[in-house]
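Lettering of chains follows the sequences in order, A, B, ..., and the numbering in each one begins at 1. Quick caveat: nothing in here was measured; it's all calculated off a predicted structure.
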Amino acid sequence: EAQVTQNPRYLITVTGKKLTVTCSQNMNHEYMSWYRQDPGLGLRQIYYSMNVEVTDKGDVPEGYKVSRKEKRNFPLILESPSPNQTSLYFCASSLGQGGATPYGYTFGSGTRLTVV
Amino acid sequence: DAKTTQPNSMESNEEEPVHLPCNHSTISGTDYIHWYRQLPSQGPEYVIHGLTSNVNNRMASLAIAEDRKSSTLILHRATLRDAAVYYCILSERGGTSYGKLTFGQGTILTVHP
C-alpha cells in the first residue's frame, strides 16, 4: 500500500532531550515536507526537501533540523525540544518537485508530540 | 503567499450534493488549485487539484472559474464519512514558496443523516 509512515504516533518528552521523528515513504517520491499543526494557526511548513541531499527551510524552521540521505526517508530532529514545540506534526510527500507540478501530496497519520 | 478565502462552515444532508466555494483572487498563472480534507485525528487527505480546466475523480469534481479567481469543490452525494475540514490551497512555484502548500483555516463540513 502506498503510504507515508511516521513514527512514533505519540511522544511525551522532557525539555532539552533530543528526539527524532521518522518519516518514510514507499512511493519513490522526490518531494518531502514537514508540517506542524496548532489550534488557531493551522498547518505550517517547517522544512522541505526537493530531492536527496537538498533541503530548505519552510515558514517555522527554528528549533528543528532535517536530513535527506535517502529518497524514502526524511527524519525531523529536535536537538533541544522546548514546550512551544508541543504540536501535531505531519510529514508529506509528492511525486513532483513540489505542488506546482500536477501531483497531489500524501500525508502521514501524524505524530502528537508533548514537551514538558 | 497567495491567499484563499473559504466559508468557516457549511452543512449538508446525507446523499445531497455539496458545493464548497473558494476565492483566490490573487492566483498567479502557474499556481495549481489543490483541495485537501482532514478528518479528526488524521492527516490531510488529497481530494483533487487542477490548473485551468474542470477536473473529475472518484472522490469529487473541481469547477474552476474562467478567470481562475474562484473554484468550487463538488461532492456529488455527501455521506457521513465526508464530514471533515476542507482546505482549498494554492501550490506556488515561485522563489521560497516553491512547492509549498499554504493551509488556511478551511471549511468545516457537517453532514446530517
Side-chain angles (χ1 to χ4, degrees), chain A residues 2-7 9-10 21 23 25 27 29-51 54-61 74 87-112, chain B residues 1-6 8 24 27-60 62 64 73 84-108:
Chain A
Q3 60 186 356
V4 175
T5 303
Q6 292 179 231
N7 280 298
R9 289 293 309 275
Y10 301 92
V21 183
C23 174
Q25 50 92 5
M27 297 165 282
H29 283 176
E30 294 170 342
Y31 186 93
M32 297 186 74
S33 180
W34 276 101
Y35 286 81
R36 61 178 287 175
Q37 185 170 29
D38 302 288
L41 297 175
L43 284 107
R44 295 175 292 168
Q45 189 183 55
I46 304 171
Y47 268 95
Y48 66 94
S49 168
M50 289 202 281
N51 216 323
V54 180
T55 64
D56 211 341
K57 297 177 181 178
D59 292 324
V60 288
F74 190 46
S87 186
L88 180 58
Y89 292 86
F90 291 103
C91 181
S93 73
S94 176
L95 179 59
Q97 289 190 352
T101 52
Y103 304 111
Y105 286 69
T106 302
F107 282 80
S109 298
T111 296
R112 186 167 292 280
Chain B
D1 297 339
K3 293 283 191 278
T4 62
T5 304
Q6 300 176 251
N8 290 332
H24 28 78
I27 191 171
S28 74
T30 55
D31 291 346
Y32 277 83
I33 302 160
H34 286 242
W35 283 83
Y36 287 78
R37 70 182 186 183
Q38 188 174 21
L39 280 67
S41 302
Q42 294 189 25
E45 176 188 25
Y46 169 80
V47 177
I48 201 167
H49 75 288
L51 185 62
T52 56
S53 304
N54 295 343
V55 185
N56 300 296
N57 65 22
R58 63 175 179 81
M59 289 182 71
L62 176 60
I64 301 173
L73 178 71
V85 180
Y86 285 79
Y87 297 99
C88 169
I89 302 161
L90 302 182
S91 68
E92 304 168 51
R93 177 177 284 184
T96 57
S97 297
Y98 191 84
K100 182 170 68 174
L101 300 179
T102 300
F103 286 80
Q105 295 305 309
T107 296
I108 300 170

- request: Using modelled atom types only, decide if a donor and an acceptor are shared between the side chain of Asn51(A) and the backbone of Val54(A) within a distance under 3.5 Å.
  value: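 Flag not set: sc Asn51(A) to bb Val54(A) has no pair under 3.5 Å.
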
- request: Check the surroundings of atom CG in Leu88(A): do more than 12 heavy atoms from other residues, nucleotides or ligands lie under 6.0 Å from it?
  value: yes

query: In terms of the angle between their ring planes, are Tyr35(A) and Phe107(A) parallel, tilted or perpendicular, with boundaries placed at 30° and 60°?
result: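 Because their plane-to-plane angle lies in the 30° to 60° range, the rings of Tyr35(A) and Phe107(A) count as tilted.
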
task: Take the angle between the ring planes of His49(B) and His34(B) and call it parallel below 30°, perpendicular above 60°, tilted in between.
output: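 Judged by the thresholds at 30° and 60°, the geometry between His49(B) and His34(B) is parallel.
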
- prompt: Which atoms of Gln105(B) come close to chain A, meaning under 4.5 Å heavy atom to heavy atom: side chain ones, backbone ones, both, or neither?
  reply: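 When you check distances to chain A, only side chain atoms of Gln105(B) fall under 4.5 Å.
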
- request: Check each atom of Gln37(A) against the heavy atoms of chain B and say whether the ones under 4.5 Å are side chain, backbone, both or neither.
  value: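 Interface part for Gln37(A): side chain.
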
- prompt: What part of Ser109(A) is in contact with chain B, defined as an atom under 4.5 angstrom from a non-hydrogen atom: side chain, backbone, both or neither?
  reply: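 Backbone only.
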
